[in-house]
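Have a look at the structure below, then the notes.
Note on naming: letters A, B, ... go to the chains in the order of the sequence lines (proteins, then strands), and numbering restarts at 1 for each one.
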Number of protein chains: 2
Amino acid sequence: MISPAVLHSNFLADIGRKDIDKILASARVKRVKAKQAIVTRGEHAQYLFILLSGRVRYYKITRHGDEVVFRWLFPGDAFGLGSLLKRPTPYMGTGEALRDGEVLVWSHTKIRALAALHPQLSENALKVVLQYLRDYAKRHIRLVTKSAEERLADVLLIFGHQQGRVGGDQVELEVTNEQLSALADVSIFTTSRIMSKWAHKGFISKERGKVFIRVPEALVTD
Amino acid sequence: MISPAVLHSNFLADIGRKDIDKILASARVKRVKAKQAIVTRGEHAQYLFILLSGRVRYYKITRHGDEVVFRWLFPGDAFGLGSLLKRPTPYMGTGEALRDGEVLVWSHTKIRALAALHPQLSENALKVVLQYLRDYAKRHIRLVTKSAEERLADVLLIFGHQQGRVGGDQVELEVTNEQLSALADVSIFTTSRIMSKWAHKGFISKERGKVFIRVPEALVTD
DNA sequence: CGATGTATTGATGTGGATCAAAATAAGTGG
DNA sequence: CCACTTATTTTGATCCACATCAATACATCG
């Protein structure tokens, strides 16, 4: 049984079903538990991953103890792409599971062999990294041109687009204020205040560890 | 006569001299004049480039008129890598020559054919984009964890490392305060004040459009 | 029911942006 | 070579968005 998430993975785009099956056959499925580190910053990139289920937070702790979150990964997202290189680069951050889940794993050797066999994989790797780069450029622009409130709104909408479950006319996000604040580069205090304001206005509603977006339009800033 | 810059290009790393010659043979050399846009944001990525000489500023203007600089490119740097994809992505920014210079140009079709012939090119493309991504992650960390002064110091040192000509015991950078301020995400006013302070302390000296780093160690913050 | 993670709310402080103005330097064309 | 425009830099005064600090409340859970 193949998870639907993996079939829509960018890393496996434009590859025939038969080839996908072969590629998946040489992967190992690994269960990961919440809070477990899947890859660790600096370590030699020995494996390539596709997230099957769960959520991964990719982050780094600076020498001064500040934690900076690069991005969240959702089912279908590939990471550890440096492992595709002949001489793998070190992982640029630590990838930690936010909840129990599963990843597909290929060793450096295996994924290299597969890429040689299916050039589309190399092409997809480039496409994925370019997308990550674009995402980062957008985040940078957001950071230097938008206010804390606007950034938070953007993050909520992006997040909803990536993982939101639509129920009725609303989107439910499983995320804490603290996690949102890290993605928007806003302090948890300012985040709390803004979220409260929005809840009061009826744009969102909140539970501990959850946000329901009720009026997405109200969060569009641009 | 082959420019030495191109031989050290990351995009051509680990390729034999003979193959490099063939690859270069199918490129076109294009002269670009200062202030000329080589690629324009949003346009279909039809060409891949390697900068031979000169300097390129890769930036975007937001809908509110703010200019955000993604990065500067130096001789040997490749850009327009989205053109390697079967269905090219649009250029994510505008690349503008900062002075007269030259670029190597390959069309989408040609570079795809070359990549098929020399898989190392695809590998290098991935490596280069991964490096750009790492650079962006670093910049992000700098932005959210360091002060304006520290960011400015970092940018000076990085810049010096990338393009500085060493003369005597000092490094000469051809860059205006305004350009530095854009790379460090600091206002031009704060930049001016900090530079003045450093000049006063003897860490650097200044001319219009130039910076001489005299005591690099004094700028190391970490 | 302590313990631990999450959220709220007020008070306080400040880094650095923004605004305003002018000085300096470098072209440019007559 | 001068008058004039245009780019770069400087310097002071002002302001505020947001971080930081401090305290409390609430929820969850073993």
Side-chain angles (χ1 to χ4, degrees), chain A residues 33-35 57 62 64-69 96 98-100 141-156 173-201 204-212 221, chain B residues 33-35 57 62 64-69 96 98-100 141-156 173-201 204-212 221:
Chain A
K33 285 193 303 208
K35 305 202 172 179
R57 193 179 47 130
T62 69
H64 303 295
D66 309 305
E67 173 184 300
V68 180
V69 176
E96 171 191 297
L98 285 163
R99 50 168 85 161
D100 294 357
I141 290 180
R142 210 179 304 139
L143 192 45
V144 298
T145 67
K146 293 192 163 190
S147 69
E149 181 164 347
E150 291 169 325
R151 295 203 301 275
L152 219 35
D154 285 356
V155 165
L156 271 186
L173 307 181
E174 249 186 68
V175 66
T176 66
N177 279 2
E178 188 182 11
Q179 290 166 341
L180 282 175
S181 75
L183 290 170
D185 300 303
V186 173
S187 77
I188 51 174
F189 311 104
T190 299
T191 300
S192 172
R193 281 182 250 269
I194 292 172
M195 300 291 279
S196 296
K197 192 178 79 181
W198 285 342
H200 188 70
K201 289 192 180 183
I204 65 171
S205 51
K206 294 218 68 227
E207 281 175 24
R208 166 168 294 225
K210 278 187 184 154
V211 181
F212 304 87
T221 59
Chain B
K33 285 194 304 211
K35 303 202 172 180
R57 194 179 47 131
T62 69
H64 302 296
D66 309 305
E67 173 184 299
V68 180
V69 176
E96 171 191 298
L98 285 164
R99 50 168 86 161
D100 294 357
I141 290 179
R142 210 179 304 139
L143 192 44
V144 298
T145 67
K146 292 191 163 189
S147 69
E149 180 162 347
E150 291 169 326
R151 295 204 301 276
L152 221 32
D154 285 355
V155 166
L156 271 185
L173 307 181
E174 249 185 69
V175 65
T176 66
N177 280 0
E178 188 182 10
Q179 290 166 339
L180 281 176
S181 75
L183 289 171
D185 300 305
V186 173
S187 77
I188 52 173
F189 312 103
T190 299
T191 300
S192 172
R193 281 182 248 268
I194 293 172
M195 300 291 280
S196 296
K197 191 179 78 180
W198 284 342
H200 192 257
K201 291 192 179 183
I204 64 171
S205 51
K206 292 220 68 224
E207 280 176 25
R208 167 169 293 227
K210 278 187 184 152
V211 182
F212 305 86
T221 61

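Using a 4.0 Å cut-off, no side-chain N or O of B:Ser147 falls inside it from OP1 or OP2 of C:dG15. For the OP1/OP2 pair of C:dA17 and a distance below 4.0 Å, the side-chain nitrogens and oxygens of B:Thr190 include at least one atom meeting the criterion. Side-chain nitrogen and oxygen atoms of A:Asn177 include at least one within less than 4.0 Å of the OP1 or OP2 phosphate oxygen of C:dT8. Remark: B:Ser192 is in phosphate contact with D:dT10, judged by side-chain N or O atoms under 4.0 Å from OP1 or OP2.
A:Ser187 comes within 4.0 angstrom of a base, heavy atoms only.
To the nearest angstrom, C1' of C:dT8 lies 17 Å from CD of A:Glu207. Taking atom CD1 of A:Ile188 as the reference point, atom C1' of C:dA7 lies 8 Å away to the nearest angstrom. Atom pair A:Met195:CE and C:dA7:P shows a separation of 9 Å (rounding to whole Å applied). Look at NZ on A:Lys35: it is 12 Å from P on C:dT4, rounded to the nearest Å. Rounded to whole angstrom, the span from the CZ atom of A:Arg151 across to the C1' atom of D:dC18 amounts to 9 Å. Remark: P of C:dT8 and CD of A:Glu178 are 13 Å apart, rounded to the nearest angstrom. For B:Gln179 and D:dT9, the CD to C1' distance is 13 Å, given to the nearest whole Å. To the nearest angstrom, P of C:dA7 lies 11 Å from CD1 of A:Ile204.
You won't find any donor-acceptor pair under 3.5 Å spanning the side chain of B:Arg193 and the base of C:dG16, going by distance alone. With hydrogens and angles ignored, no donor-acceptor pair under 3.5 angstrom links the side chain of B:Arg208 to the base of C:dA26.
Remark on the helix from C:dC1-D:dG30 to C:dG30-D:dC1: inter-end axis angle 40°, axes from five-pair C1' superpositions, rounded to 10°.
Side chains of A:Gln179 and A:Val69 form no contact here, defined as non-hydrogen atoms less than 4.5 Å apart. Between B:Val144 and A:Leu143, some side-chain heavy-atom pair lies under the 4.5 Å cut-off. The side-chain heavy atoms of A:Val186 and A:Val155, taken from C-beta on, include no pair separated by under 4.5 Å.
In terms of heavy-atom proximity, A:Arg151 sits nearest to A:Ala184 at NE-O, 2.8 Å. Closest approach of B:Met195 and B:Ile204 over heavy atoms only: O-CD1, 3.6 Å. Counting all heavy atoms, side chain and backbone alike, A:Phe212 lies closest to A:Lys206 at CD1-N, 4.5 Å.
Considering only the side chain of A:Phe189, D:dA22 comes nearest among C:dT6, D:dA22, C:dA17.
Between the CZ atom in A:Arg142 and the OG1 atom in B:Thr62 there is a gap of 13.5 Å [rounded to 0.5 Å].
Take the nearest nucleotide of DNA chain C for B:Ala148 and for A:Thr191: the residue whose nucleotide is more 5' is A:Thr191.
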